[in-house]
A.B. asks: 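Have a look at this one.
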Amino acid sequence: MKMISAIIKPFKLDDVREALSEIGVQGITVTEVKGFGRQKGHTELYRGAEYVVDFLPKVKIELAVPDELAERVIESISTAARTGKIGDGKIFVFDLEQATRIRTGETGPDAI
């Protein structure tokens, strides 16, 4: 099993959710986060004063998938979240040792 974590632009969330649904992903966890990478933030003007916005709004998507589905998930997220501009995000993949569905007690791939 794999745990996939993706940081994307907020306005791409619906596109990514639809793309994951099309390949059979049944559940995701979404968190609103802030951060920066190579973008390093930007400056904005507010009431005549310029200030630096260091952390940009992003969305973090987390999902657990069987090993055989991991590559398709990565490809789907990449395609749906890509704008071609800086700040499109990152995808991280971790080995998932164990998963347990609390309601039924199912474990392993059956739990996801």
A.B. asks: If hydrophobic clusters are built from ILVMFWY residues whose side chains come within less than 4.5 Å, do Leu56 and Phe92 share one?
C.D. replies: no
A.B. asks: Examine Ile7 and Ile91 and state if one hydrophobic cluster contains both, with Ile, Leu, Val, Met, Phe, Trp and Tyr joined whenever side-chain heavy atoms are less than 4.5 Å apart.
C.D. replies: no
A.B. asks: Using every non-hydrogen atom in the two residues, find where Leu96 and Ala64 come nearest and quote the distance to one decimal.
C.D. replies: CD2-CB, 3.6 Å
A.B. asks: Looking at every non-hydrogen atom in both residues, tell me the closest pair between Val59 and Pro10 and how far apart they are.
C.D. replies: CG2-CA, 3.5 Å
A.B. asks: Any idea which heavy atoms bring Glu62 and Ser5 closest together, and the distance?
C.D. replies: CG-OG, 4.1 Å
A.B. asks: Among the clusters formed by ILVMFWY side chains lying less than 4.5 Å apart, do Ile28 and Val73 turn up in the same one?
C.D. replies: yes
A.B. asks: State whether the side chain of Asp88 and the backbone N or O of Thr83 hold a donor-acceptor pair below 3.5 Å, judged by distance alone.
C.D. replies: yes
A.B. asks: How many angstroms lie between NZ in Lys2 and CD in Glu68, if you round to the nearest 0.5 Å?
C.D. replies: 11.0 Å
A.B. asks: Under 4.5 Å between side-chain heavy atoms, hopping through other hydrophobics if needed: is there a path connecting Val33 to Ile61?
C.D. replies: no
A.B. asks: Apply salt bridge (Lys or Arg N to Asp or Glu O under 4.0 Å) to Glu75 and list each qualifying residue two or more places apart in sequence or on a separate chain.
C.D. replies: none
A.B. asks: I need the minimum non-hydrogen distance between Pro57 and Lys34, along with the two atoms involved.
C.D. replies: CA-CG, 4.3 Å
A.B. asks: My understanding is that only residues two or more places apart in sequence, or in another chain, count here; which of them pass salt bridge (Lys or Arg N to Asp or Glu O under 4.0 Å) with Arg17?
C.D. replies: none
A.B. asks: How far apart are the closest heavy atoms of Ala111 and Ala99, and which atoms are they?
C.D. replies: CB-O, 3.5 Å
A.B. asks: Say you draw a straight line from CG of Leu69 to CD1 of Ile74; how long is it, rounded to the nearest 0.5 Å?
C.D. replies: 10.0 Å
A.B. asks: For the CD1 atom of Ile112 and the CE atom of Met3, what is their distance to the nearest 0.5 Å?
C.D. replies: 9.0 Å
A.B. asks: Same hydrophobic cluster for Met1 and Val25, using side-chain heavy-atom links shorter than 4.5 Å among ILVMFWY?
C.D. replies: no
A.B. asks: Please answer whether the main-chain N or O of Gly87 pairs with a side-chain N or O of Lys58 as donor and acceptor at a distance below 3.5 Å.
C.D. replies: yes
A.B. asks: Specify the closest pair of heavy atoms between Ser76 and Leu20, including all atoms of both residues, with the distance to one decimal.
C.D. replies: CB-CD2, 4.4 Å
A.B. asks: Could you give me the CA-CA distance, side-chain angles and deciding distance for Asp15 and Thr79, then say whether side-chain contact (heavy atoms from CB on, under 4.5 Å) is met?
C.D. replies: CA-CA 9 Å; Asp15 295 341; Thr79 302; over 6 Å; no
A.B. asks: Can you check side-chain contact (heavy atoms from CB on, under 4.5 Å) on Ile77 and Ile4, steps first, answer last?
C.D. replies: CA-CA 10 Å; Ile77 294 171; Ile4 298 176; 4.3 Å; yes
A.B. asks: For the pair Gln98 (side chain) and Gly108 (backbone), establish whether a donor and an acceptor sit closer than 3.5 Å, ignoring hydrogens and angles.
C.D. replies: yes
